[in-house]
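Bear in mind the structure is a predicted one, so any value in this text is a computation, not a measurement. Read the numbers this way: they start at 1 and go in the same order the structure lists the ligands and their atoms.
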Amino acid sequence: MRFSGKTVVITGAASGIGLESTRLFASEGATVFAADINDEAGKLLEAEIKGDVRYQHCDVCSTEQIKALMDRAAEETGGIDVVFNNAGAGGAREKIFEIEPADWDRTMDLLLRSVAFGIRYAVPHMQDRKGASIVNVSSVAAVGPGYSPTAYAVAKAGVLHLTKMAAADLAQFGIRVNAIQPGFINTNIFTSSLEIPDEAKEMAKGVIAQMSSNAQPVQRGGQPRDIAEACAYLASEAAGFVTGTSLIVDGGITIGPRESWDPEAPGAFEALIQMEEAAKQAAGE
Ligand code: NAI
């Protein structure tokens with residue numbers, strides 16, 4: 001019961017990482033303010049999850065709604081101990097040479113501005129809480145190309161820097177701020193924006209589940225629980241000396257190119273050795 005008596009605010013709580021984190025914090029004694037735009041799923045949360053879970057409609061693109069969420073949590077419980085800025089989606093898919101300004105702005109609002117104001121409006125309610133902690137969701141996409149569309153990757157890289165700046169700004173209040181960089185986690189994020197019929201979506205989910213199981217050195221798919229556990233650690237007293245940093249939770253996907261860890265995918269070096277062996281055999285050695 002690491003979070004007994006604590007107030008925790010989680011955005012994007014109706015699905016995937018946010019949903020599993022809501023379950024975990026509630027199971028460890030927290031009062032969880034679970035925010036999302038999916039009101040149907042959000043209302044189900046309150047009924048289905050054991051513990052004190054209170055759903056609030058909050059579109060994180062609206063600073064008014066973020067403020068209302070934080071104000072409600074503080075009003076009902078006296079303050080906020082943990083904020084998990086998690087809500088998100090894939091954002092604009094276009095490459096930099098074709099993206100439109102409105103799509104760029106929409107993606108930044110959803111993935112970066114939302115985190116800035118999730119911090120901004122929570123802080124007045126966190127300043128006198130001992131052990132207060134903010135956890136922001138970035139992504140392995142922040143380390144470089146190859147993991148997501150451009151605008152998403154840039155926003156997630158911004159979340160890393162925002163995390164450091166906020167950690168510096170908020171140290172004086174005893175508030176720690178950290179980020180998590182999930183790898184390939186098996187959630188609805190990959191299919192939710194697809195404009196295809198429901199049956200096709202279900203099939204796509206199956207394909208994603210299969211892909212996620214062998215996309216990285218750890219030979220299983222990443223699960224929302226993997227990220228929820230990382231969030232609980234960063235939010236807990238065990239991480240009391242940890243601030244301004246980011247925890248990569250990716251099954252090793254960022255370790256290096258596939259040939260560095262997959263014996264079935266030999267790289268250029270292995271190809272040279274094979275050539276050498278073939279040459280030796282041809283020379284009768
Ligand atoms: P998900 O699609 O399962 O859940 C996202 C939740 O956010 C949904 O409940 C959705 O309704 C909510 N949401 C979307 N737009 C919102 C808005 N404007 N306001 C409030 N809520 C909104 O996706 P998942 O994977 O759980 O994503 C959570 C976070 O993790 C996102 O920030 C995502 O970018 C990040 N992430 C996910 C990875 C993955 O492989 N699944 C990898 C790296 C980062």
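- The atoms of ligand 1 that sit less than 4.0 Å from any heavy atom of Gly183 are 38 (C), 39 (C), 40 (O), 42 (C), 43 (C).
- Salt bridge Asp36/Lys43: absent, no basic N to carboxylate O contact under 4.0 Å.
- Close approach of ligand 1 to Phe184 is summarised as follows: ligand atoms under 4.0 Å from at least one heavy atom of the residue are 40 (O).
- Of all heavy-atom pairs spanning Pro149 and Gly90, the tightest one is CG-O, 4.5 Å.
- Nearest protein heavy-atom contact of atom 32 (O) of ligand 1 is Asn86 O, 2.8 Å.
- At the top of the distance list for atom 19 (N) of ligand 1, counting protein heavy atoms only, stands Val60 N, 3.0 Å.
- Between Tyr147 and ligand 1 there is no heavy-atom distance shorter than 4.0 Å.
- Only the side chain of Leu110 comes within 4.0 Å of ligand 1, counting heavy atoms alone; its backbone N, CA, C and O stay farther away.
- Using a 4.0 Å cutoff on heavy atoms, Ser138 counts as a contact of ligand 1.
- Among the atoms of Ile185, some N or O lies under 3.5 angstrom from an N or O of ligand 1.
- Heavy-atom contacts of Gly16 reach the following atoms of ligand 1: 3 (O), 26 (O) (cutoff under 4.0 Å).
- Counting heavy atoms under 4.0 Å from ligand 1, residue Ser15 touches it through both backbone and side chain.
- Considering both main-chain and side-chain atoms, Lys156 comes within under 3.5 Å of ligand 1 through a nitrogen or oxygen pair.
- Nearest heavy-atom pair, Ala232 versus Phe25, reported as atom, atom and distance to 0.1 Å: CA-CZ, 3.8 Å.
- Legend: residues meeting side-chain hydrogen bond (donor to acceptor under 3.5 Å, both in side chains) with Lys67, ordered by chain and number and at least two apart, are Asp71.
- Within the structure, ligand 1 lacks Ser148 among the residues with a heavy atom less than 4.0 angstrom away.
- For atom 21 (N) of ligand 1, the closest non-hydrogen atom on the protein side is Ala87 CB, 3.6 Å.
- Of the residues Glu46, Glu76, Glu75, the one that meets the salt bridge (charged side-chain N to carboxylate O under 4.0 Å, His left out) test with Arg54 is Glu76.
- Residues satisfying the side chain to side chain contact (heavy atoms under 4.5 Å, CB included) test with His57, not counting sequence neighbours, are Ile37, Asp39, Tyr55, Gln65.
- For ligand 1 and Tyr152, the ligand atoms under 4.0 Å from any heavy atom of the residue are 33 (C), 34 (O), 35 (C), 36 (N), 43 (C), 44 (C).
- Distance from atom 8 (C) of ligand 1 to its nearest protein heavy atom, with residue and atom name: Asp36 OD2, 3.6 Å.
- Heavy-atom proximity to Gly88, at under 4.0 Å, picks out these atoms of ligand 1: 5 (C), 7 (O), 14 (C), 31 (C), 32 (O).
- Near Asp59, meaning under 4.0 Å from any of its heavy atoms, are these atoms of ligand 1: 17 (C), 18 (N), 19 (N).
- Close N/O approach between Thr187 and ligand 1 is found [any backbone or side-chain N/O within under 3.5 Å].
- When only non-hydrogen protein atoms are considered, atom 7 (O) of ligand 1 lies nearest to Gly12 CA, 3.4 Å.
- With respect to atom 26 (O) of ligand 1, the closest heavy atom belonging to the protein is Ile17 N, 2.8 Å.
- For Lys205 and Glu202, the salt-bridge test passes: some basic side-chain N is under 4.0 Å from an acidic carboxylate O.
- Considering backbone and side-chain N/O atoms, Gly18 never comes within less than 3.5 Å of an N/O atom of ligand 1.
- Counting heavy atoms closer than 4.0 Å to ligand 1, residue Cys58 contributes backbone atoms (N, CA, C, O) but none from C-beta onward.
- At the top of the distance list for atom 27 (O) of ligand 1, counting protein heavy atoms only, stands Ile189 CD1, 3.9 Å.
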